[in-house]
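Here is the structure we will look at.
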Amino acid sequence: MSNEKRKYQYRLTLMLIGVSLLFQTYQVLGQDQTNPMFEKGTWHTGFTMNLNNTNSENIENLLFTVGKFDNTGFGLNFSGGYFFADDISAGIKYSYLSKEMDAIYEWNEENAHYQSAKSNHRMIFFLRNYYPISPNGRFSFFNETDLGLGLGSNVTRHTKSEKDITKSYSEEFSLAVGVKPGMAVVLTKGFAFEVSVGLLGLTYTSKNVTTDEIKEGRRDKFNFDFDISLLALDFGLAYYF
């Protein structure tokens, strides 16, 4: 991807996030307060999770044939927030992510084995705006804008032969901004079921890498993500009080 294309994507992400924040600010100042779904002064707490499991065999590509590929992971999110205006809340989340990958592929007419295990802890500050879509307030859409700080680690083992084994360990710090739309369904008084998906985000990552006990140094990168994956939906329950 060219530098010009990357710059365009970063600007697009920041513009969309900025529009989201401006729209939410407009809602704070000018929304109709006659029939809010969640009133000013309400607190809320919640828990969401997501699961991801990909399995495939005999994948052909330009470089080699992948005989087996397994990719599993899960994410847990705990959140708490306060409605400082009707239908608009701000709060904080703690997020834990775990991923494991196991792949076997052909290399120089032999089978090579690649394994990795990754974990990440994040603190996320969010602003969320609800938009009721039913007269009784049972159903509503919401839009969430996030700012997250993360710390994580990644361990890999790459075996090409009995004598060619590479082990790598990395620690990383990340800073991310993103937009996450979703839907809330009030099940009973005080409880709601929520589903959301990350729509777009911009992430800066700084990583320190050690390979075969030799420190390689630091790697910095920006990543733009604009994708909707039905396998990465967050499902959870929220309690309002």
Side-chain angles (χ1 to χ4, degrees), residues 1 3 6 9 47-78 93-124 146 148-178 180 197-198 200-236:
M1 184 183 295
N3 291 332
R6 288 194 182 95
Q9 291 179 333
F47 167 76
T48 63
M49 68 178 298
N50 64 70
L51 301 172
N52 188 5
N53 186 13
T54 303
N55 300 291
S56 56
E57 295 181 355
N58 299 322
I59 305 172
E60 299 283 349
N61 59 39
L62 295 176
L63 299 178
F64 43 74
T65 300
V66 179
K68 181 182 178 182
F69 178 82
D70 294 325
N71 189 15
T72 60
F74 68 91
L76 304 175
N77 300 280
F78 304 89
K93 293 181 183 179
Y94 165 73
S95 174
Y96 174 74
L97 175 68
S98 176
K99 289 185 177 181
E100 294 185 2
M101 187 176 71
D102 193 331
I104 298 175
Y105 64 96
E106 292 184 2
W107 179 263
N108 292 334
E109 299 182 352
E110 295 184 1
N111 285 333
H113 196 183
Y114 182 85
Q115 299 166 287
S116 70
K118 179 179 181 180
S119 63
N120 185 271
H121 301 265
R122 288 197 301 163
M123 295 299 295
I124 304 168
D146 295 335
L149 304 173
L151 293 174
S153 62
N154 188 28
V155 179
T156 65
R157 178 186 175 95
H158 195 181
T159 305
K160 294 182 180 179
S161 67
E162 293 183 358
K163 297 182 179 180
D164 188 357
I165 301 176
T166 302
K167 299 178 182 178
S168 178
Y169 174 78
S170 64
E171 295 179 338
E172 66 178 40
F173 165 79
S174 62
L175 174 64
V177 290
K180 178 180 287 188
V197 61
L200 58 87
L202 180 63
T203 304
Y204 163 75
T205 303
S206 178
K207 181 183 297 186
N208 291 311
V209 181
T210 301
T211 301
D212 292 335
E213 301 183 355
I214 300 175
K215 189 172 182 179
E216 295 183 1
R218 193 178 74 179
R219 303 174 184 173
D220 297 331
K221 72 174 183 177
F222 284 93
N223 182 60
F224 171 79
D225 185 20
F226 188 12
D227 189 21
I228 298 177
S229 175
L230 296 179
L231 298 177
L233 293 174
D234 286 339
F235 299 93

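Annotation for Lys207 and Asp220: closest pair N-OD1, 4.4 Å, computed over non-hydrogen atoms. Across every non-hydrogen atom of Ala103 and His113, the tightest pair is O-CD2, 3.3 Å. Among all heavy-atom pairs drawn from Ala117 and Asn154, the shortest one is O-OD1, 3.0 Å. Arg122 approaches Gly150 most closely through the heavy-atom pair CG-CA, 3.5 Å. In terms of heavy-atom proximity, Ser170 sits nearest to Val209 at CB-CG2, 4.0 Å. Heavy-atom minimum distance, Ser168 versus Thr211: OG-OG1, 3.6 Å.
Met49 is not listed as a side-chain neighbour of Phe235, based on a closest heavy-atom distance of 4.5 Å or more. Side chains of Glu172 and Lys221 form no contact here, defined as non-hydrogen atoms less than 4.5 Å apart. A 4.5 Å side-chain heavy-atom check between Thr156 and Tyr114 finds at least one atom pair inside the cut-off. You'll find the side chain of His121 reaches within 4.5 Å of the side chain of Tyr94, heavy atoms only.
Here CZ of Phe173 is found 9.5 Å from OG1 of Thr205. Values are rounded to the nearest 0.5 Å. Atom CG of Asn71 is separated from atom NZ of Lys99 by 7.0 Å, given to the nearest 0.5 angstrom. For the atom pair OG1 (Thr159) and CZ (Arg157), the distance works out to 4.5 Å, reported to the nearest 0.5 Å. Of the inter-residue distances, the one linking Lys93 atom NZ with Asp146 atom CG reads 5.0 Å to the nearest 0.5 angstrom. With rounding to the nearest 0.5 angstrom, the CD atom of Gln115 is 11.0 Å from the CG atom of Asp70. Distance check: Ser174 OG to Leu151 CG gives 7.5 Å after rounding to the nearest 0.5 Å.
By the 30° and 60° cut-offs, the orientation of the rings of Phe78 relative to Phe47 is tilted.
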